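Being a predicted model, the structure only gives us computed values, none of them experimental. What you see below is based on every heavy atom in this structure, not just the backbone, and it leaves out hydrogens, waters and symmetry mates. We count residues from 1, following the sequence as given.
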Amino acid sequence: MSTNNPSLAMQRISKLVDENSFMEIGSLVTARSTDFNLAGAKTPSDGVITGHGLVNGSLVFVYSQDASVLNGTIGEMHAKKIANIYDMAMKMGAPVIGLIDCGGIRLQESVDALEAFGQIYAKQVEAVGLVPQFCGIFGNCGGGLSVVPALCDFAFIENKGKMFINSPDAVAGNRVEKCDTACATFQAEENGCIDMVGSEDEIIASMRELITMLPLNCESDVYTDDCEDDLNRACQNLNAADPRYTLSEISDSNVFFETKAGYAKDMVTGFIKLNGMTVGAIANAPKENGEVVLTAKGCEKAAEFVNFCDAFSIPVLTLTNVNGFCNCKCAEKKLAKALATYTYALSSATCPKVNLITGQAFGSAYAIMNSKSLGADLVYAWADAKVGMMDSSMAAKIMYPNADAEELKAKASEYDNLQSNIMSAAARGYVDLVMDSVDTRKYLVAAFEMLYTKCV
């Protein structure tokens with residue numbers, strides 16, 4: 001391949017890795033099939049550039065599909081090159097990054113291409129929990145190929161990128177003009193595996209940032225950076241209704257990398273830094289109508305995030321502000337299973353776990369949000385937080401159905417003081433520390449420092 005006129009695939013690699021660090025592997029590989037006049041086609045690198053490089057000095061393995069070669073379609077040798085990169089990455093303990101721009105499986109190679117394509121799936125599954133997997137979609141990612149970003153830990157899509165199982169016009173009752181189910185925004189909001197939509201440069205910059213924040217493999221340290229921020233820095237104006245601001249404010253140098261930002265916005269997930277340590281964060285966020293409840297999509301999103309953190313021994317912080325479950329017909333179809341999935345993920349995780357109650361923590365929804373009973377190592381709370389079965393006004397109405405308004409108000413106040421007061425939960429050992437919100441960073445840094453050597 002001429003270095004004077006690099007393909008888009010090589011240009012993307014050059015943007016992703018440190019300058020002059022990329023070393024190509026398998027550059028002389030070409031298509032092996034000769035069916036349907038394929039023998040006469042030029043297939044340099046068989047449509048995918050593979051190799052290794054550095055991202056901020058750390059080793060990574062990369063494959064980048066070249067749409068200028070047979071439309072970037074996946075053939076036998078194309079897939080084998082990707083599988084080889086995965087084998088090397090798992091041996092070296094380094095992340096894998098896939099840059100996708102593909103026309104699908106190569107029809108001329110038929111069953112050979114299908115067999116090799118299955119190898120990519122198998123290698124991805126083999127790598128789960130061993131090395132982080134990243135994917136960027138810059139062109140088409142359709143049919144069975146859409147499983148590839150879904151199997152990755154983190155996936156990004158360019159504004160004009162397309163991801164689909166079935167093309168929009170092939171979906172019964174739909175046309176692309178009606179609803180473009182393949183477009184980046186639809187996929188980011190609906191499919192649950194897209195972390196960010198942006199321009200090519202924005203995506204590559206975000207991938208570099210996230211790679212730098214994460215351990216390189218399941219045995220690497222979570223201390224991925226030096227901390228130049230004040231460990232005792234006061235955090236002003238924190239509030240339970242804005243968890244994204246809270247997470248950014250308590251993190252070293254206000255760094256917060258949100259994952260799956262467009263999907264299930266009622267559950268916030270992402271990474272912060274505390275004294276140079278990478279910490280996975282999960283937080284409840286109000287819905288558009290102001291409700292702070294657990295939803296099926298939110299629980300599925302959080303469960304997947306916890307599983308990733310646990311696999312790489314990344315500590316987990318939960319910011320709890322929840323007063324119940326989503327209440328609608330649609331929720332009844334999936335919510336119980338999603339709640340069970342999230343409960344299992346949190347309870348079985350052996351990484352350090354800290355829960356901070358920032359607002360209301362009511363009912364079994366609270367128990368699921370990393371409570372002491374579920375296995376949290378430490379539970380902290382802001383001084384104005386509330387923990388209990390339910391809102392005091394609702395509890396009073398249930399316990400005293402025949403009471404008048406004045407008596408209900410008095411009973412609600414009594415219930416609030418006796419049962420929902422944070423000090424009541426602390427007195428029973430369910431909360432380890434009650435703090436002013438301004439001191440949040442100081443106490444969380446100390447908590448995760450203490451838990452660093454946790455071993456189960």
>> For Q360 and V322: C-alpha separation, side-chain torsions, deciding distance, then whether side-chain contact (heavy atoms from CB on, under 4.5 Å) applies.
In response: CA-CA 6 Å; Q360 298 176 338; V322 65; over 6 Å; no
> Would the number of heavy atoms belonging to other residues, nucleotides or ligands and lying under 6.0 Å from OH of Y223 be above 12?
Replying inline: yes
> Heavy-atom distance under 4.5 Å between the side chains of D252 and R441, does that happen here?
Replying inline: yes
>> Just so I know, are the side chains of M90 and N217 near enough to count as touching, which here means a heavy-atom distance under 4.5 Å?
In response: no
> Looking at the rings of F305 and Y342, which for Trp means the six-membered one, are their centres under 6.0 Å apart?
Replying inline: no
> Do K273 and S253 come close enough that some side-chain heavy atom pair is under 4.5 Å?
Replying inline: no
>> Please check: side-chain N/O of N140 versus main-chain N/O of G142, any donor-acceptor pairing under 3.5 Å?
In response: no
> Are the aromatic ring centres of F448 and Y452 under 6.0 angstrom apart?
Replying inline: no
>> Check whether D377 reaches the backbone of V354 with its side chain - one donor and one acceptor, N or O, closer than 3.5 Å.
In response: no
> Salt-bridged, R233 to E249, with N to O below 4.0 Å?
Replying inline: yes
> Is the backbone of G173 close enough, under 3.5 Å, to the side chain of K178 for a donor and an acceptor to pair up by distance?
Replying inline: yes
> Are K162 and D101 close enough for a salt bridge, meaning some N to O gap below 4.0 Å?
Replying inline: no
>> Under 3.5 Å, is there a donor on one side chain and an acceptor on the other for Y86 and Q119?
In response: no
>> Quick test of your reading of the model: are K265 and E288 salt-bridged, counting only N-O distances below 4.0 Å?
In response: no
> When you look at R428 and S424, which way does the side-chain hydrogen bond (donor to acceptor under 3.5 Å, both in side chains) test go after all the steps?
Replying inline: CA-CA 7 Å; R428 291 166 169 80; S424 177; 2.6 Å; yes
> So, F154 versus F308, ring centres under 6.0 angstrom or not?
Replying inline: yes
>> Less than 4.5 Å apart, side chain to side chain, heavy atoms only: is that true for V293 and D266?
In response: no
> Given side chains that start at C-beta, do those of Y380 and D432 come closer than 4.5 Å, heavy atoms only?
Replying inline: yes
>> Are the side chains of V131 and F61 in contact, using a 4.5 Å heavy-atom criterion?
In response: no
> Are E158 and I203 side-chain neighbours, meaning at least one heavy-atom pair lies under 4.5 Å?
Replying inline: yes
> How about V255 and F257: do any of their side-chain heavy atoms sit closer than 4.5 Å?
Replying inline: no
>> Salt bridge or not between K91 and D87? Use side-chain N to carboxylate O under 4.0 Å.
In response: no
> Quick one: does Q133's side chain have a donor or acceptor within less than 3.5 Å of a partner on Q124's backbone?
Replying inline: yes
